[in-house]
Amino acid sequence: RRVHGGRIRSITPLGREYYSVNPVAVRSPINVFMANRRVIVVQDSPEFGTVTYCVVGATMVGSIVLAIKVGDVVKKGDELNYFAFGGSTLITLFPTGSIDIEVDLIENSKQPIETVVQFGQPLGVAIRRY
């Protein structure tokens with residue numbers, strides 16, 4: 001996973017389990033985004049303001065390995081983390097009005113349909129600088 005530029009403000013590890021995060025599992029009685037092993041990373045970004053990443057491990061993931069630490073100044077494209085084998089997902093939260101999200105992501109999220117994102121593929125465009 002990669003980040004936009006800015007300073008890493010905090011890193012908080014949470015959870016212990018590794019359930020599947022595929023679309024069927026997401027609709028199960030278990031809230032996998034709250035039960036799974038995850039790491040919350042808060043970053044101050046000059047492009048987007050405060051950005052929060054929720055790195056979620058999934059079935060068959062041995063560990064979440066962070067490539068950053070609190071206080072690091074990162075550049076766009078720097079590595080945030082990697083998963084040591086298995087499935088995973090990344091939830092990214094932006095301040096309201098800071099990003100124009102790609103239409104396919106919005107449409108797929110309404111379905112809900114999983115969207116495969118390739119490295120370097122834009123997810124949206126910053127609307128204003130902070």
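- Taken to the nearest 0.5 Å, the CD1 atom of I127 stands 5.0 Å off from the CG atom of D100.
- In this structure, I68 CD1 and E79 CD are separated by 10.0 Å, a value rounded to the nearest 0.5 Å.
- Take A126 and apply the side chain to side chain contact (heavy atoms under 4.5 Å, CB included) test, not counting sequence neighbours, and it matches E47, F48.
- Tracing side-chain contacts under 4.5 Å through hydrophobic residues (I, L, V, M, F, W, Y), one never reaches V42 starting from V70; they form parts of separate clusters.
- For T52, the side chain to side chain donor-acceptor pair (under 3.5 Å) criterion is met by no residue, not counting sequence neighbours.
- Following chains of ILVMFWY side-chain contacts shorter than 4.5 Å, one cannot reach V55 starting from L14, and the two form parts of different hydrophobic clusters.
- With sequence neighbours left out, K69 forms a side chain to side chain contact (heavy atoms under 4.5 Å, CB included) with D72.
- Not counting sequence neighbours, R7 has no partner by the salt bridge (charged side-chain N to carboxylate O under 4.0 Å, His left out) test.
- Remark: of the listed residues V51, I99, V41, V51 is the sole one forming a side-chain contact (heavy atoms from CB on, under 4.5 Å) with T92.
- Applying the salt bridge (charged side-chain N to carboxylate O under 4.0 Å, His left out) criterion to E102, with sequence neighbours excluded, gives no partner residue.
- With sequence neighbours left out, the side chain to side chain contact (heavy atoms under 4.5 Å, CB included) criterion links D44 to R9, T50.
- Hydrophobic clustering of Ile, Leu, Val, Met, Phe, Trp and Tyr side chains at less than 4.5 Å, counting indirect connections, unites I101 with Y53.
- Residues forming a salt bridge (charged side-chain N to carboxylate O under 4.0 Å, His left out) with D104 (at least two apart in sequence, or on another chain): none.
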